[in-house]
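Right, one structure below, let's go through it.
Proteins get letters first, then strands, A, B, ... in listed order; numbering begins at 1 in each.
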Amino acid sequence: MIEIKKQIADSLAEHLPAESENIENLLQIPPEPEMGDYALPCFVFAKKLKKSPAKIAEKLAENLSKPDGINEFHAEGPYLNISVDRPRMYSKLLGSIVKTGKEVFSNDSGKGKTVVIDYSSPNIAKHLAVHHLRSAIIGRSLYNIFQACGYHCIGINHLGDWGTSFGKLIAAFERYSDVSPQDADVSDLQNLYVRFSKESEENPELEDLGRRKFKELENGDPEATKLWKQFKKISIEEFKKIYELLGIEFDAYTPESFYLSLAEDLLNRLRAKDIAMESENAVIADLEEQDMPPLMLQKNDGTTLYATRDLCAAEYRWINYRFEHCIYVVGGEQKLHFRQLKTVLKKMGYDWSDRIEHIDFGLLKLRDPKTGKASVGSTRKGDMILLEDVLKNGIERAKEKLNENIEKLSDDADLDKLAARIGIGAVMFSDLAVKRNKDVVFDWDRMLDFHGDTGPYVQYAHARLCSILRKAGVDVRPNADCALLKLPEEWKLVRLIEIYPSRIMQAAEKREPSIIANYLLNLCKLFSSYYSLGMKEPEKRVICEDQHVLGARLMLVEATKNVIAHGLELLGMNAPERM
RNA sequence: GCGCCGGUAGCUCAGUGGACAGAGCAUCGGAUUUCUAAUCCGACGGUCGCAGGUUCGAGUCCUGCCCGGCGUGCCA
């Protein structure tokens with residue numbers, strides 16, 4: 001996409017004690033369009049030039065020669081406001097979007113670099129619940145965002161299929177289950193686990209039994225292994241159904257158990273380097289010098305812990321992918337774990353340990369209807385809201401709405417598919433629109449709302465844009481004249497579209513999909529206002545008498561549509577053409 | 001106790017150290033012979049947790065405190 005700011009920054013750099021790139025970052029868009037198209041705040045130069053910001057702005061306005069494409073410099077207090085040749089610059093901008101399509105928004109800042117992203121990574125033998133949503137969709141969205149920045153992405157589902165809890169599950173199965181492993185489903189497994197947890201509260205010996213069973217499993221006991229394999233198979237089958245609904249994919253399913261064979265060698269090396277040592281019959285990595293509690297790597301019964309397997313996984317990923325970034329999309333409650341992990345890797349002498357990044361997010365809490373207090377749901381107690389139920393509810397609600405407006409759809413519309421795109425879109429968007437590290441209290445109504453700042457609102461704007469393009473009945477040409485876009489709303493739209501690529505960069509840098517979601521809301525709000533003008537004043541409609549104005553407006557509509565479609569894609573959502 | 005995260009309108013949240021702190025929901029009032037009303041327009045609503053400090057300028061940075069959450073060796 002053409003970069004107007006860059007051009008301006010280049011010409012300003014010759015007259016200021018700063019690099020062009022810094023000036024580009026400094027350039028803003030003035031609050032009112034009458035002030036100009038860009039503004040350079042001059043505060044930062046005051047010290048170096050020993051003049052007041054206002055004076056600097058004034059001097060610059062007087063002395064700068066006007067490069068090609070720039071119409072005017074004028075000082076307004078401490079700001080140097082800049083007006084460009086709007087018709088030329090912005091016709092070019094919109095034209096390039098129409099000509100090239102959505103790819104124009106991508107950049108190549110990550111070209112030749114690999115980013116490994118670990119997301120979703122649920123534990124097996126449990127249903128996916130609402131709180132599993134965040135890692136999955138934030139992770140997948142980051143995958144899409146990095147891809148749009150030219151990175152080679154590896155999406156990994158680091159399935160939680162190993163650990164003491166599976167020893168407990170095996171014990172529970174042997175103790176209570178009346179179904180054969182072949183006939184069991186995830187609900188059976190989860191119920192067994194809950195029952196076992198409850199009983200062990202009164203009968204602590206069961207905890208030991210669970211640990212013993214895990215030891216058997218880790219030692220390769222054939223019976224235990226057979227059960228575990230079956231549990232895993234059942235779980236993955238169910239997970240895949242939900243992933244399909246969510247449109248989430250992975251490049252690799254490499255579960256925790258995959259790294260078990262590497263653990264012994266790792267522990268030996270850690271001991272040899274004096275990073276790991278015996279303590280209370282267990283093996284720990286002491287991190288006191290780093291002001292952290294020790295990281296436990298082997299329990300007193302000789303079995304491994306997730307930290308052990310995570311270290312192996314990190315090494316494995318480095319050897320196989322040579323990543324620029326290795327991102328773990330995991331809840332904030334595991335912050336300490338990842339700090340410890342990085343520190344141990346650093347102690348091992350790996351300079352790539354700096355590339356390990358824990359991208360944390362806030363907890364999802366459930367509100368207790370009685371006390372009104374929000375707290376984290378517990379699988380052990382069985383109080384959780386199934387992800388599938390939430391998605392199904394969303395789909396149902398969308399279907400009702402679609403049936404009300406059935407005449408708006410095409411004859412061959414696939415109602416179920418469309419309802420899924422919208423209903424699930426609502427759920428995903430409600431989560432993606434909030435900044436990662438905020439805790440979220442689950443709320444059916446908010447998650448399934450289709451009005452206001454929601455996913456369906458964005459999708460609806462897209463459908464309207466598509467409708468205009470269909471009804472216009474002419475091709476959108478990339479060479480229309482932007483000078484014909486005279487309404488303030490049109491102008492604001494152009495300016496908002498202009499900054500879209502920079503939002504993608506920001507979203508990638510901050511690992512923050514909500515930047516895209518909030519940007520889309522602003523864009524759609526603006527478009528909807530613009531669109532509504534045409535209700536009372538037909539001459540303000542896109543499809544209008546004047547063919548030249550029509551051409552310019554269609555270019556704007558097409559560009560807006562492309563931005564929305566692209567943005568929704570980055571969020572992992574669909575952009576229906578009718579709804 | 002210590003560490004980390006959060007505290008902005010009644011509720012849910014935006015807000016690269018910069019021009020007047022913004023949305024959505026809720027409430028109230030308006031707009032539909034439509035380029036799709038899943039929409040739009042208006043009204044109402046603020047000690048940006050508190051107190052200092054840095055700065056030409058602080059919701060944003062620093063320090064202390066208050067409130068809430070999470071974590072803190074045999075779970076993941």
Side-chain angles (χ1 to χ4, degrees), chain A residues 25-26 28 30-32 35 39 41 43-44 46 52-53 76-79 121-123 160 162-165 168 210-211 256 279-284 291-296 298-301 303 305-307 309-310 330-337 339 360 362-363 365 374-376 380 398 401-402 404-405 407-409 422 426 430 433-435 437-441 443 445-446 449-454 456-457 459-461 463-472 502 506 510 514-515 518 521-522 525 528-536 538 540-544 553 557 578-579:
Chain A
N25 287 331
L26 238 42
Q28 346 176 315
E32 300 300 330
M35 296 172 163
F43 306 96
V44 290
S52 77
E76 202 158 322
Y79 292 90
S121 306
N123 288 346
W162 208 250
T164 314
S165 55
K168 291 182 188 172
R211 279 192 278 268
E256 279 192 58
S279 165
E280 297 169 35
N281 289 324
V283 177
I284 59 157
D291 264 340
M292 274 181 263
L295 181 65
M296 181 167 282
Q298 192 175 51
K299 294 186 286 188
N300 57 17
D301 65 2
T303 55
L305 286 116
Y306 75 126
R309 303 185 288 274
D310 266 0
V330 177
E333 67 275 14
Q334 293 199 35
K335 259 190 168 169
L336 176 60
H337 166 72
R339 274 181 59 215
D360 59 318
L363 293 157
K365 300 180 194 171
S375 61
V376 181
R380 288 166 67 103
K401 186 75 192 172
L402 283 170
E404 282 171 30
N405 299 342
E407 74 284 352
K408 291 177 181 170
L409 307 178
I422 297 163
S430 74
V434 179
K435 272 207 319 197
N437 64 354
K438 291 243 181 191
D439 287 350
V440 178
V441 179
D443 183 329
D445 289 332
R446 199 171 323 121
D449 198 0
F450 293 175
H451 302 274
D453 284 354
T454 65
Y457 175 78
Q459 291 173 321
Y460 184 68
R464 278 176 146 183
L465 286 156
C466 289
S467 179
I468 294 172
L469 292 168
R470 269 197 308 274
K471 294 210 168 154
S502 72
Q506 263 178 48
K510 296 192 168 174
S514 69
I515 291 176
N518 283 302
L521 285 175
N522 286 332
K525 233 169 271 178
S528 297
S529 298
Y530 170 51
Y531 181 90
S532 298
L533 293 176
M535 297 218 184
K536 288 230 163 134
K540 291 186 177 173
R541 290 184 191 170
V542 173
I543 301 172
C544 58
R553 287 180 178 167
V557 164
R578 297 176 203 253
M579 64 187 273

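- Taking the side chain as every heavy atom from C-beta outward, A:Q28 and A:P41 approach each other to under 4.5 Å.
- The phosphate of B:rC41 (OP1 or OP2) has a side-chain N or O of A:S529 nearer than 4.0 angstrom.
- Contacts of A:L409 with the nucleic acid, taken as non-hydrogen atoms under 4.0 Å apart, are absent.
- Distance check on atom P: B:rU39 versus B:rA26 gives 10 Å, rounded to whole Å.
- If you check every strand for non-hydrogen atoms under 4.0 Å, A:V434 touches sugar and phosphate atoms only.
- Every residue two or more places apart in sequence or in another chain that forms a salt bridge (charged side-chain N to carboxylate O under 4.0 Å, His left out) with A:K365 is listed here: A:D439.
- The residue A:N405 sits close to a base: some heavy atom pair falls under 4.0 Å.
- Take A:Y306 and apply the ring-ring contact (aromatic ring centres under 6.0 Å, His included) test, not counting sequence neighbours, and it matches A:H337.
- Distance noted for atom P between B:rG69 and B:rU8: 15 Å (whole Å).
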Practice task
Sugar-phosphate atoms are those with a prime plus P, OP1 and OP2; base atoms are the rest. Using that split, label each nucleotide of nucleotides 56-62 of chain B B, S or - for protein heavy atoms under 4.0 Å, 5' to 3'.
Solution key: B------
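- For A:Y530, there are no ring-ring contact (aromatic ring centres under 6.0 Å, His included) partners two or more places apart in sequence or in a different chain.
- Atom pair A:Y531:OH and B:rA38:P shows a separation of 10 Å (rounding to whole Å applied).
- Scored by the ring-ring contact (aromatic ring centres under 6.0 Å, His included) test, A:Y457 finds no partners at all (sequence neighbours excluded).
- Applying the side-chain contact (heavy atoms from CB on, under 4.5 Å) rule to A:D445 yields the partners A:R397, A:D443; only residues at least two apart in sequence or on another chain are considered.
- Atom CD of A:Q459 and atom P of B:rU39 are 12 Å apart (whole Å).
- Each of A:K335, A:K435, A:K438 was checked for a salt bridge (charged side-chain N to carboxylate O under 4.0 Å, His left out) with A:D360, and the lone residue meeting it is A:K335.
- Distance noted for atom P between B:rC61 and B:rG17: 7 Å (whole Å).
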Practice task
Spell out protein contact along nucleotides 69-76 of chain B as letters: B when the base is contacted, S when just the sugar-phosphate is, - when no protein heavy atom is under 4.0 Å; keep the 5' to 3' order.
Solution key: SSSSBBSB
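- For the P atoms, the distance linking B:rG71 with B:rU60 amounts to 29 Å, nearest Å.
- Between A:T164 and A:K299 there is a side-chain heavy-atom pair separated by less than 4.5 Å.
- A:P122 meets the side-chain contact (heavy atoms from CB on, under 4.5 Å) test with A:S120, A:L128, A:H132, A:N157, A:L159, A:F239, A:Y243; sequence neighbours excluded.
- A:A282 meets the side-chain contact (heavy atoms from CB on, under 4.5 Å) test with A:M296; sequence neighbours excluded.
- Nucleotides B:rG59 and B:rG22 have their P atoms positioned 13 Å apart, rounded to a whole Å.
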Practice task
Sugar-phosphate means primed atoms, P, OP1 and OP2; the rest is base. With that split, encode nucleotides 2-11 of chain B 5' to 3' as B, S or - using protein heavy atoms under 4.0 Å.
Solution key: -SSSSS----
Fill in the blank from the handout: Its contact letters, B for base, S for sugar-phosphate only and - for none at protein heavy atoms under 4.0 Å, make nucleotides 26-31 of chain B read -----S
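- Using a 4.0 Å heavy-atom distance criterion, A:K471 is classed as a sugar-phosphate-only contact.
- Taking for each of A:A433 and A:K408 the nucleotide of RNA chain B with the nearest heavy atom, the 5'-most of the two is the partner of A:A433.
- Note: OH (A:Y457) to P (B:rU39) measures 7 Å, nearest angstrom.
- Residues A:V44 and A:L26 approach most closely at CG2-CD2, 3.6 Å, considering heavy atoms.
- Going from atom CG of A:N518 over to atom P of B:rG22 covers 17 Å, rounded to whole Å.
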Fill in the blank from the handout: Writing each nucleotide of RNA chain B 5' to 3' as (, ), [, ], | or . by Watson-Crick or G-U pairing under 3.5 Å yields (((((((..((((....[...)))).(((((.......))))).....(((((..]....))))))))))))....
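- One finds a side-chain N or O of A:S467 lying less than 4.0 angstrom from the OP1 or OP2 phosphate oxygen of B:rU36.
- In terms of modelled atom types and a separation under 3.5 Å, the side chain of A:S467 and the main chain of A:A463 share no donor-acceptor contact.
- Heavy atoms of A:M292 sit nowhere under 4.0 angstrom from any nucleic acid atom.
- For A:F450 and B:rG24, the CZ to C1' distance is 16 Å, given to the nearest whole Å.
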